[in-house]
Amino acid sequence: MIRLRDSLTLALTKLRTRKVRLMVTIIVSGLLFCGLTAASLVVRGAFHSIDSFNKEGFGSRYIVQGFSQGNFVNTQDAKIIDRAVAIQKDLITRKKAAAKTLGVEYDASTEQSPVQEYDYPGGKQRNLDMNQPAAQQAVKELSPVKPTGVDDMKKAAAPFQGQATYQSQIFTPPTNGSSLQVLKNGKETYGGATAQFQNGPPTGTDSFTTLWTLASGKLMQPFLLKGSTLDDKGDGSIPIVVPVSAAEQLLNLKELPGSAKPDARLARMKLLRQEAARLTFQVCYRNGTSAGLVNTAVSTAQQVDENKNKKDYQKPDLIYGIPAQPCGTVAVTRDVRDADTKALAAKQDQFDAMFGKVPASEQTLNFRVVGLSPDIGGGAALGVSQVVSSLVTSSLGSGWFTPQEYAAKAPLLDTLFSSAGAAYGSPPSLYEEFATADQARHFIDAENCQPDYGANGPSDKCIKANKPFSLNPYGSNSLALESAQKSFNKIFSIATLVAAIIAAIIMMGTVGRMIADSRRETAVFRAIGAKKLDIAQIYVLYTVLLAVLICIFAVAVGVIVAAVADHKYGPQATVQALVAYNSQDLTRKFTLFNFYIVDMLRLVGLILAASIISSVLPLFRNLRRNPIRDMRDDT
């Protein structure tokens, strides 16, 4: 009988022979498990960090966002199109009659049609132009579906124990000529070009009109800066959450380059958190008439300046001056018109007023910054940083956010957003909050409806099913992360099993070759009285030691890979998480490294199992051989 200690000594001796073969086996088999080790460390680290950050922002809340299918407008509906045409014809008839009565000129050809026509292979196709008032009125009168609201969301969520219902409304830039402008450094610019989407979405204060949202204060509350409040301060200021780039611009800070190090970004974030709460700014609103007068004043001033040195040039009889103060009124600086011209102009003003033109109006809105939001990402490349960024999502979104409760205190807000959410523009979004993830998930599963796009429009399917909302988790990835962790556990188990099978096949060749090389040695042991179990003990210990070396190699390399990933992407993820969760503790770290003992034990166990399995067949075949024949064949 060979003692266990002697068997271990013999197994260690065999490890020191055939070193090249041994190293190749360790490296090839170990590489199968290195990736799994690194994946476990990185993914578990991300989950652990998210759990830590989830204590702030929306991380621990379960909110579902609903988009109403009832807001869809079928712009090809023949009845609505015919009604829009009829409304337009009636308007032209009334304008002609009024123009004749007042004695002013009116050219019906200047009226824009509420219907657009396109040539297609099958003939002409007509579509409503939802920018035109006649089209909007026709939709309000004849649309077969009606917009859903807060009461509809409450009713749908009641069977799932919905706790609270919220609402938000994205601002739609007006099409009636009115304008909104952030007064940069307290100054209004005139005649400037509208911000274009040349290199991605606009940033800084240029994004105000395209990314402004009126949202429930309870949705905004978790993302306020330290010491800030949504309470009315009595000074007429309106609280607002602004994008990071806008805060930088308002503080006259130069934007950090894309190559900036995470340390620099973290320092910038700390500075913004400290300084942004003291920021205030003004936005100038001009209705269509006032904006038109400003444009007239600017173009006239340019014309006068271009012709000032021409002796035969005569200035216009009526000149409007550029406002002397930001968001000021447009005053007449020259009026040498005769009485008949003034009388005709007065009649023209009366005619315009009869058909909706309102007197010039301008107003300044005063805002105070109470929070920061992320900017819209400019790139679409899918890299590690983008994946990490998608994980650390717990925010209102990107853009500017004003409390919905202030619409009653600032009537202009209500006017701007109520008109934006009419027949044309983005419909309101509705939100329902639940106490548990299961309630939110069951609500989505039961009430979500993704519309089809048939001839009658995408809303028919959902309306007929009495499911008017398209639902998805909002504010954070809480629901998705729970599913992601379960999916990772399943995928990791399958991957380790597959890797173990492949490793067993690889190690079987090595162990089999080693056993074949040791036939004479086995025969000698058998000749001096060693039992088959003693011989098996030596080779099993050898494979176990081989498995231990593979485990050490796999874990060591996996740890190095995970540590490198954490060093490279962890700081960047930290900054993203601090912004997304509005973390008050700026020393908190987002790490991509966490040693999850269950995963490690699973890996080690499967490597050991694979090694033992790999030795069974070669060992069984070897022990069945005749030792005398092996000694004779080896000589």
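Everything numeric in this text was worked out from a predicted model, so none of it was measured. Along the sequence shown, residues carry numbers from 1.
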**Request:** Applying side-chain hydrogen bond (donor to acceptor under 3.5 Å, both in side chains), name anything that partners Thr213, two or more places apart in sequence or on another chain.
**Result:** none

**Prompt:** Do Cys284 and Gln363 have side-chain heavy atoms sitting under 4.5 Å apart?
**Reply:** no

**Message:** Testing the 3.5 Å rule here: is there a donor-acceptor pair between the side chains of Thr189 and Gln181?
**Reply:** yes

**Message:** Take a 6.0 Å sphere around CG of Asn185 and say whether it holds more than 12 heavy atoms from other residues, nucleotides or ligands.
**Reply:** no

**Asked** Have Glu433 and Tyr431 got a donor and an acceptor in their side chains that come within less than 3.5 Å?
**Response** no

**Asked** Quick one: side-chain hydrogen bond (donor to acceptor under 3.5 Å, both in side chains) partners of Ser113, sequence neighbours excluded?
**Response** none

**Prompt:** Has the side chain of Asn448 got a donor or acceptor atom that lies under 3.5 Å from a matching backbone atom of Leu471?
**Reply:** yes

**Message:** Counting C-beta onward and ignoring hydrogens, is there a side-chain heavy-atom pair between Arg588 and Thr574 closer than 4.5 Å?
**Reply:** no

**Item:** Main-chain N/O of Gly149 paired with Asp152 side-chain donor or acceptor, under 3.5 Å
**Value:** yes

**Asked** Relative to the ring of Tyr106, is the ring of Phe351 parallel (under 30°), tilted (30 to 60°) or perpendicular (over 60°)?
**Response** tilted

**Complete:** Residue pairs meeting ring-ring contact (aromatic ring centres under 6.0 Å, His included), one or both in residues 270-300, sequence neighbours left out, come to Phe281-Phe367, Phe281-Trp400

**Request:** Ignoring hydrogens and angles, tell me if any N or O in the side chain of Thr210 forms a donor-acceptor pair with the backbone of Ser207 under 3.5 Å.
**Result:** yes

**Request:** With sequence neighbours left out, write down each residue that passes side-chain hydrogen bond (donor to acceptor under 3.5 Å, both in side chains) with Gln163, or none if nothing qualifies.
**Result:** none

**Prompt:** If we ignore angles and hydrogens, is there a donor and acceptor under 3.5 Å between the side chains of Asp375 and Thr203?
**Reply:** no

**Request:** Would you confirm whether Asn287, through its side chain, and Pro359, through its main-chain N or O, come within 3.5 Å as a donor-acceptor pair?
**Result:** yes

**Prompt:** Quick one: does Thr289's side chain have a donor or acceptor within less than 3.5 Å of a partner on Val358's backbone?
**Reply:** yes

**Item:** Counterpart residues, salt bridge (Lys or Arg N to Asp or Glu O under 4.0 Å), relative to Arg368 (two or more places apart)
**Value:** none

**Request:** Evaluate the side-chain proximity of Val242 to Leu372: yes if any heavy-atom separation is below 4.5 Å, no if none is.
**Result:** yes

**Message:** I'd like to know if the side chain of Gln136 reaches the main chain of Met130, judged simply by a donor and an acceptor atom lying under 3.5 Å from each other, with no hydrogens or angles considered.
**Reply:** yes

**Prompt:** Using 4.0 Å as the upper bound for N to carboxylate O, is an ion pair formed by Lys342 and Asp349?
**Reply:** no

**Prompt:** Within 45° of the axis and under 6.0 Å from the centre of the six-membered ring of Tyr166, does NZ or CZ of Lys218 qualify?
**Reply:** no

**Complete:** Hits for salt bridge (Lys or Arg N to Asp or Glu O under 4.0 Å) against Glu275, two or more places apart or cross-chain, chain-then-number order -> Arg278

